[in-house]
Each structure stands twice: as structure tokens, then as C-alpha cells.
Amino acid sequence: MSFIHIPKNWEISENRATPEHAYLNRRRFLRKIGLTGLGVLAGSTLACGSDSDGNASPTGPSDPPPAPTYDPGRSLTPEQVAANYNNFYEFSFGKQGIGRLAEDFQTRPWQVEVGGLVENPKVYDIDDLIRGMPLEERVYRFRCVEAWAMTVPWTGFPFKALIDAAKPLSSARYVRLLTFLEPDQAPGQQPQSRLPWPYFEGLTLQEAANELTLLATGIYGHELPMQHGAPIRLVVPWKYGFKSIKSIVSIEFTAEQPPTFWNELQSSEYDFRANVDPAVPHPRWSQATELLIGTDERVPTLPYNGYGEQVAHLYG
Ligand SMILES: Nc1nc2c(c(=O)[nH]1)N[C@H]1C(S)=C(S)[C@@H](COP(=O)(O)O)O[C@H]1N2
Ligand SMILES: [Mo]
């Protein structure tokens, strides 16, 4: 398997994507998983042409033109801000301190079961999965349905790579994803929460196969900390954040549209599709703007969170 890839416009130069201190950790992390010296680093350093604010870089005539709809067009959210403002109801209904609440949670051994309507069902050990997949770093805007947003560098592999390995049958139309169920380790999953654990989500097969859809195993150049969904979580940047299910244990290919956690709890507020759309208010608040966490700045929300060029065709 080759890790060399053609850089896409959403990737930015890694020494811009990742703060200096994390850059070294990232080298260590990639070395640990056997990636340094391979094309993934060389590839991503080629992909400049605009800076993290979306401005054309003045460095030379050979730079590709800036691509405003792919480029995050925003500064990275500081790592410490993103790591202390989380939604992870398995641990808490609050947003802060989830890292501490989750610090004893065990993510090894960890298995991900891939099954359902596929030719190649398989139970992956997480470390074998990470070693076998083409890891890359991608900087994405991320928009929660609660009207806040962050911009973070994920490390992960395209969901498409897993689909290709699983070989869905022609009857497969959707994927259903499931989080762990460990009420002894995750206090939010105690029966008195009365929530329908474990957290479940779903995508159409086409959405899962889209070039943007990532299974993330790292953030800011190192492994995912627990509060961001270790050891593996979904990232679908054109959808509201609740679609991006954390700490996945099962991926099942199905013929029918799977039910989803928030839709089951409140169907009038959280639909299956959940594409970011500034023109459709949440029943209890506007979606026209979003707060950039760690700042006082509110900015306009973009249709498909600015990723229409990559995904609008999915919706006719
Ligand atoms: N298993 C699980 N996944 C989840 C959630 C959750 O509570 N449990 N919250 C979702 C919501 S509402 C958001 S906004 C994002 C937050 O991701 P972050 O904490 O990494 O920013 O995770 C999503 N994935
Ligand atoms: Mo969210």
C-alpha cells in the first residue's frame, strides 16, 4: 500500500496547520505508526498557495491559486480551547473538563466491527486499522448545531478507504455507526440518564464515500484525546457536529436508513440529514451566524458549512 497522495485544496502546509510545539509531537506520532519518510508528509507540504486566513500567499508564481471554498479561511482554534469545549454526553452534559472526567477511560484494546451488507465483514483491532489505512492531515471547519464553530487539524483516513476494503453489496444504501456502551466507565451512560445509549448515527453510503468524509484517529498532530472521541471518530464537516459520532465500535452497512440518537430524542430539531444551512433556523435559535470558540467573533454561517462544491451534488 502506498501512502503517497495528491494534496487537495483543503490540506494546508503542515507547519501552518499545526502549532510549532505540536508539530514535533506529530512527527513522533507518525513515526510511531510508521509514516515518517513516506509521502504523506512530503505531500502535505506541497499543498500551499493560501495561508490559514484564506489569503493568497506571495511566495511564487508556481503556487496554485487559492481555493476559498476548501480553505478553512479562518485561523486554527487553539488546541487548548478545542480540548476544553466538547460535547460528549457519555461523560457529561457540560462542555468543560471532559478530558479530566474521561481520563481513566480505556481505549485499548479496542475493536471496530465492520459488517452488515458487505462482502468482507471484519473485526479490526484499532492499531491494525490505523496502520493499514492511508492517514492524512486535514484542516476542517466544524460547526455544532448549537451555533458555535471551531477549525481544527484532524489526522485520519477517508471513510472511502474502509468502504473499498469492506466491499458493500449492491443492496447497501446506508452506514450505521455506534459508540461504546460502558456505563461503569462513562457516567453519562448510567441508566438514570434515560438516554437511548449507546450513541448511534448514520449516513447514506454516498455521503460516507464522499471525499470529505473522514474517520479521524488524531487531532493537532497527535492521537485523539478522549474528549475528542478516541480512538476513532467520524468527521463530516458539512453537517452539524452531532453527526460526527465519537469513539466508534461498529460500522454496519444497511439497506434501510438507520435511526439516529438525536433524531430519536427530538425529531423536530435534529433530522437525519443535518446539513449545515444558515437559512433554516433551529426551532429554538437562528443558524445564520456562528461563534468562533475562543474568540468573541460571530461570523456568517455558510451553506454546507462552506463545502458545497464537494457535496451539493449529493442532494440534487
Ligand atoms: N458518542 C458521541 N459522539 C458525539 C457526541 C456525543 O455526545 N457522543 N456529541 C456530538 C456533538 S453534538 C458534537 S458538536 C461533536 C463535538 O466534537 P468535539 O468535542 O470533538 O468538538 O461531537 C459529536 N459526537
Ligand atoms: Mo453539537
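The first residue of the sequence shown is numbered 1, and numbering continues consecutively from there. What you see is a predicted model, and the numbers here were worked out from it, not measured in a lab. In each ligand, atom 1 is the first atom listed, and ligand 1 is the first ligand listed.
Annotation for ligand 1: atoms under 4.0 Å from non-hydrogen atoms of Ile245 are 3 (N), 24 (N). Applying the 4.0 Å criterion to heavy atoms of Ser244 picks out, from ligand 1, the atoms 22 (O), 23 (C), 24 (N). Applying the 4.0 Å criterion to heavy atoms of Phe242 picks out, from ligand 1, the atoms 10 (C), 11 (C), 12 (S). Within ligand 1, counting atoms from 1 as listed, the ones closer than 4.0 Å to a heavy atom of Cys144 are 14 (S).
Under the 4.5 Å side-chain heavy-atom criterion for ILVMFWY residues, a single connected hydrophobic cluster contains both Tyr315 and Val175.
Cation-pi check for Arg273 over Tyr240 is not met; the charged atom does not lie both under 6.0 angstrom from the ring centroid and within 45 degrees of its normal. By the 6.0 Å and 45° rule, Lys243 stacks over the aromatic ring of Phe272. For the pair Lys246 and Tyr199, the NZ or CZ position fails the cation-pi test of under 6.0 Å to the six-membered ring centre and within 45 degrees of the ring normal.
Among protein heavy atoms, atom 21 (O) of ligand 1 sits closest to Met150 CE, 3.0 Å. Remark: minimum distance from atom 20 (O) of ligand 1 to any protein heavy atom is reached at His228 ND1, 2.8 Å. In terms of protein heavy-atom proximity, atom 1 (N) of ligand 1 is closest to Glu90 OE2, 2.9 Å. Scanning the protein for heavy atoms near atom 9 (N) of ligand 1, the closest one is Asn87 O, 3.2 Å. The closest protein non-hydrogen atom to atom 3 (N) of ligand 1 is Lys246 N, 3.0 Å.
A heavy-atom separation below 4.0 Å is found between Phe142 and ligand 1.
Taking the centre of each ring, Phe261 and Tyr270 stay at or above the 6.0 Å mark. Annotation: Tyr307 is not in aromatic contact with Tyr304 [ring centroid separation under 6.0 Å not met]. In this structure, Tyr89 has its ring center no closer than 6.0 Å to that of Trp197.
Looking at Lys95 and Asn86, their side chains never bring a donor and an acceptor atom within 3.5 Å of each other. Inspection of the Glu113 and Ser250 side chains reveals no N or O donor paired with an N or O acceptor under 3.5 Å.
Ligand 1 has a nitrogen or oxygen under 3.5 angstrom from a nitrogen or oxygen of Thr179.
With atom 10 (C) of ligand 1 as the reference point, the heavy atom nearest to it among Tyr199, Trp197, Tyr89, Phe88 is part of Tyr199.
Residue Arg233 touches ligand 1 through its side chain alone, judged by heavy-atom distances below 4.0 Å.
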